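Quick note on labels: first sequence line is chain A, next is B, and so on, each numbered from 1. Treat the numbers as computed from the prediction; the structure is a model and nothing was measured. The figures here come from the full heavy-atom set of this structure, side chains too, leaving out hydrogens, waters and symmetry mates.
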Amino acid sequence: MSERVWRILIESFPKILLPGLRMTLPLTVIAFSIAMVIAVIVAMVQYAHVRVLSQVFRAYIWIIRGTPLLVQLFVVFYGLRAGYYMSPFWAAVLVFSINEGAYCAETMRGALEAVPVGQIEAGYCVGMSYTQIMRRIVLPQALRTAFPPLSNSLISMVKDTSLASNITVAEMFMATQRINARYYEPLALYLEVAVIYLIFCTLLTWLQRLGEKKLSAYTKKEARHA
Amino acid sequence: MLEVSNLSKSFGGVPVLRNISLRVDKGDVTAVIGPSGGGKTTLLRCLNFLERADEGQMVFGENTYNLRNVSKHDIAAIRMRTGFVFQNFNLFSNKTAIQNVTEGLVIARKMPREKANDIAIRALERVGLKERASYYPNQLSGGQQQRVAIARALATEPEIIYFDEPTSALDPELIGEVLAVMRDLARSGMTMLVVTHEMRFARDVSSQVIFMEEGQIIESGPSAAFFAAPREARTQTFLRNLSAEEKI
Ligand SMILES: Nc1ncnc2c1ncn2[C@@H]1O[C@H](COP(=O)(O)OP(=O)(O)OP(=O)(O)O)[C@@H](O)[C@H]1O
Ligand SMILES: [Mg+2]
């Protein structure tokens, strides 16, 4: 590689990383947190077969999972003129939360249903109420089961945030496009941003391992008769 | 202290329990025996409302309930006064042994944590598992898990404990330790209703026996008389046909 390309790469690195830290990361963290809240509520309502609300949530999941994320971003930002009420960043948070919430809700529902019914019956037999059983027994077990697939969703989301550049959020990918417009080194620059995404995702994978280790106390067998 | 009359239950039109009536006095150990599919588990589950009976009446302590329309509130109140031990233990897998025991005290009965821990330690000590207090269920053997489950039932000071074949999911060498705990409970005056295939246990420990087949109580009575001289032909056949190791 020529000296010029190296210089561009080095100079652009902070200019790409900074929007990553200021936009991509907060967008991911905030939207995913909201998505988790949505997911738990939607999954619990369906798990408990709450009438009407269950059907409403099924429709929500059906629509969100059946349409492209990019189209959803456009509908909200350009169609509904979300930019008129909020910054592009918050419009993106809105769309990503709703979108991710639908997927995570399905993950959570599956995990809730995987909790053996005997756990619930045992809860009733020691005098606990449905709510107490959900909060203390079923939900913790379901979250443990759902942890790997949810981590997977989170990692996906980091990369999907690049789509937010389409609604003028100045995140990493948009920063890269801008720099490329000036220097025209697409291969080097897009590989550079790819590497930064890779670093983010690697860190998350590492965090996932750590989390799984912490959560594994009651699922691992090695400690048996220790 | 527990009296059930004319309890009936069907699943999808198929009658599983027909006109069951039974009576358990304080301190009784009642063994429920009978062939597979006879409705023993279903009966126990109906008594704790894990299954809802279609018909029948229950006197529990000082109260009378119509099983057809017991309120949620009544069900909760009855469960607070009973214990249940499952065939496959059903320990909370995300809780340690001691947490399994304290859960019903701290969460359901709002007992202060320290007091609950004291009670739980004593309950675990009673089943010989004090040193395993901080183990998770999957770190315990089947026999140990079932003993924790007994401690969990015991800790809430129930007026009666229901056991559904507490040893039949266990390897033969682990059965003894669970039966020993149950013997100890029986000696201490605990009221117990035990579905079991352990005939020796039924004969030696129980005060009365209920023989069930095809959803009906065929014969019931004091254990000594029941085993020495069963009246009904079907009971006689059942006892005669027990496999060698089940025989007494
Ligand atoms: N949830 C259910 N739905 C439909 N049928 C059921 C259900 N639970 C039990 N039954 C049926 O009710 C009958 C009695 O079952 P139950 O489990 O009470 O018998 P059991 O005496 O406990 O047998 P075992 O000694 O094998 O445990 C069986 O024919 C069974 O198939
Ligand atoms: Mg049974």
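With a 6.0 Å cutoff to the six-membered ring centre and a 45° limit on the axis angle, B:Arg45 does not count as a cation-pi contact of B:Phe86. In this structure, A:Arg109 is not positioned above the aromatic face of A:Tyr47 in the sense of NZ or CZ being under 6.0 Å from the six-membered ring centre and within 45° of the axis.
Looking at B:Asn94, the atoms closer than 4.5 Å to chain A (heavy atoms on both sides) sit in the backbone and in the side chain alike. For B:Ile78, no part lies under 4.5 angstrom from a heavy atom of chain A. Contact annotation for B:Lys72: neither backbone nor side-chain heavy atoms come within less than 4.5 Å of a heavy atom of chain A.
Most heavy-atom pairs under 4.5 Å with chain B: of the set A:Arg135, A:Arg136, A:Arg144, this distinction falls to A:Arg136. When B:Ala77, B:Ala108, B:Gly104, B:Ala153 are compared by the number of non-hydrogen pairs under 4.5 Å with chain A, B:Ala108 comes out ahead. Chain A forms more heavy-atom pairs under 4.5 Å with one residue of B:Thr156, B:Asn100, B:Leu91, B:Thr82 than with any other, namely B:Leu91.
The environment of NZ in A:Lys214 is sparse: at most 12 heavy-atom neighbours from other residues, nucleotides or ligands sit within 6.0 Å.
Between the side chains of B:Thr42 and B:Glu51, no donor N or O sits under 3.5 Å from an acceptor N or O. Inspection of the A:Thr67 and A:Gln72 side chains reveals an N or O donor paired with an N or O acceptor under 3.5 Å.
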